[in-house]
Amino acid sequence: LNYTNFYMSSNGIINFGATGLSTATNNLSTANTANRPILAVLWDAMSGSSTESKASYEVTGTAPNRVLTVEWSNWRWNASALQAVISFQVKLYETSNVIEYVYQREAAAINGTGSATIGIGNASGSGVGSFVNLAAAINTPSISTTSVTTIKEKPANNQVFKFTPPACYYPGVVSITGATVNGAIVNLSQPFNVPIEVYLGDQVPTATSVATATIPAGTTNLPVTGLLPSKNYNVYFRYTCAGTTSAEDWRESESF
């Protein structure tokens, strides 16, 4: 999806949903779909000072290679800190879809214990495959697909956390139309270059779950039959990226 607007929160996030997200309750696994996607640059209880802090953004470069930089300068972490604790930025790169988080330590210590999240929540919803975040030990960075809300140390000066989409990342939307008593049509908003597996069920799929249907490469819709009446279905999808032998984890799309 392409976005032309974003919301910026004092609590270290930007989001692209229908409504802005300002809560300090930093959990990417449960965040409301209406607020997603979410970029948690340093999501915690934070605040700015009228005398020392700035919240700003800038677009540089020319299309199709522009960069959006959103900055929190001289921010207080936790919110009750008496002086600036940290400054940080998120950079969004047009066309490549690379995302970078950049940090600078300020003089003051965190007031109390930090409990931050650093990661990304996608547009699809909560649950399995809907987010990635850093593990709590950010001095040896690693990605976790389990919710982490307990980062309690400042990233190093000039630390950059870079998120690069896989080469075959599907940029479109998987949706359902034409739902009947026992069938529906699975749709792709744009064709894709590898087959996409779709799982329809009332529970979160596991790594060994069998796809309900597979949308062939270059196809944008596929009828599905054999569904049960009066049953709520969650829609998940996955695919195998170029150069790999296994599919990505299931990602949630929608419910019907």
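Atom set for the values below is all heavy atoms of this structure, side chains included, hydrogens, waters and symmetry mates excluded.
- In this structure the side chain of I99 never reaches within 4.5 angstrom of the side chain of K162, judged on heavy atoms.
- I215 and L227 fall within a single hydrophobic cluster, where Ile, Leu, Val, Met, Phe, Trp and Tyr are joined by side-chain heavy atoms under 4.5 Å apart, directly or via other members.
- Between M8 and I14, the shortest heavy-atom distance links the atoms CA-CG2, 4.1 Å.
- With values rounded to the nearest 0.5 angstrom, L92 atom CG is found 11.5 Å from F163 atom CZ.
- Residue Q83 places its CD atom among 12 or fewer non-hydrogen atoms of other residues, nucleotides or ligands, all under 6.0 Å distant.
- The minimum heavy-atom distance linking L222 with A213 is given by the pair CD2-CB, 3.8 Å.
- Between the side chains of N11 and S22, no donor N or O sits under 3.5 Å from an acceptor N or O.
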I'd like a table of donor-acceptor pairs (distance under 3.5 Å, sequence neighbours excluded) in which one partner is a side-chain atom from residues 192-199, with atom names and distances.
{"unit_1": "E197", "atom_1": "OE1", "unit_2": "R238", "atom_2": "NE", "d": "2.9"}

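- Proximity of the aromatic rings of F16 and Y7 is defined here by a centroid distance below 6.0 angstrom, and this criterion is not met.
- Side-chain contact between I118 and Y103 is present, with heavy atoms from C-beta onward closer than 4.5 Å.
- Residues L68 and K91 fail the side-chain proximity criterion, which asks for heavy atoms closer than 4.5 Å.
- The side-chain heavy atoms of F88 and Q159, taken from C-beta on, include no pair separated by under 4.5 Å.
- Under the 4.0 Å criterion applied to side-chain N and carboxylate O atoms, K154 and E106 are not assigned as salt-bridge partners.
- Linking ILVMFWY side-chain heavy atoms closer than 4.5 Å, directly or via other members, places I110 and Y101 in a single hydrophobic cluster.
- Between the side chains of S147 and N27, at least one donor-acceptor pair of N or O atoms lies under 3.5 Å.
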For residues 176-185, please give each side-chain donor-acceptor pair under 3.5 Å, one per line with the distance, not counting sequence neighbours.
{"unit_1": "T177", "atom_1": "OG1", "unit_2": "N187", "atom_2": "ND2", "d": "2.8"}
{"unit_1": "T180", "atom_1": "OG1", "unit_2": "G183", "atom_2": "N", "d": "3.1"}
{"unit_1": "T180", "atom_1": "OG1", "unit_2": "G183", "atom_2": "O", "d": "3.3"}

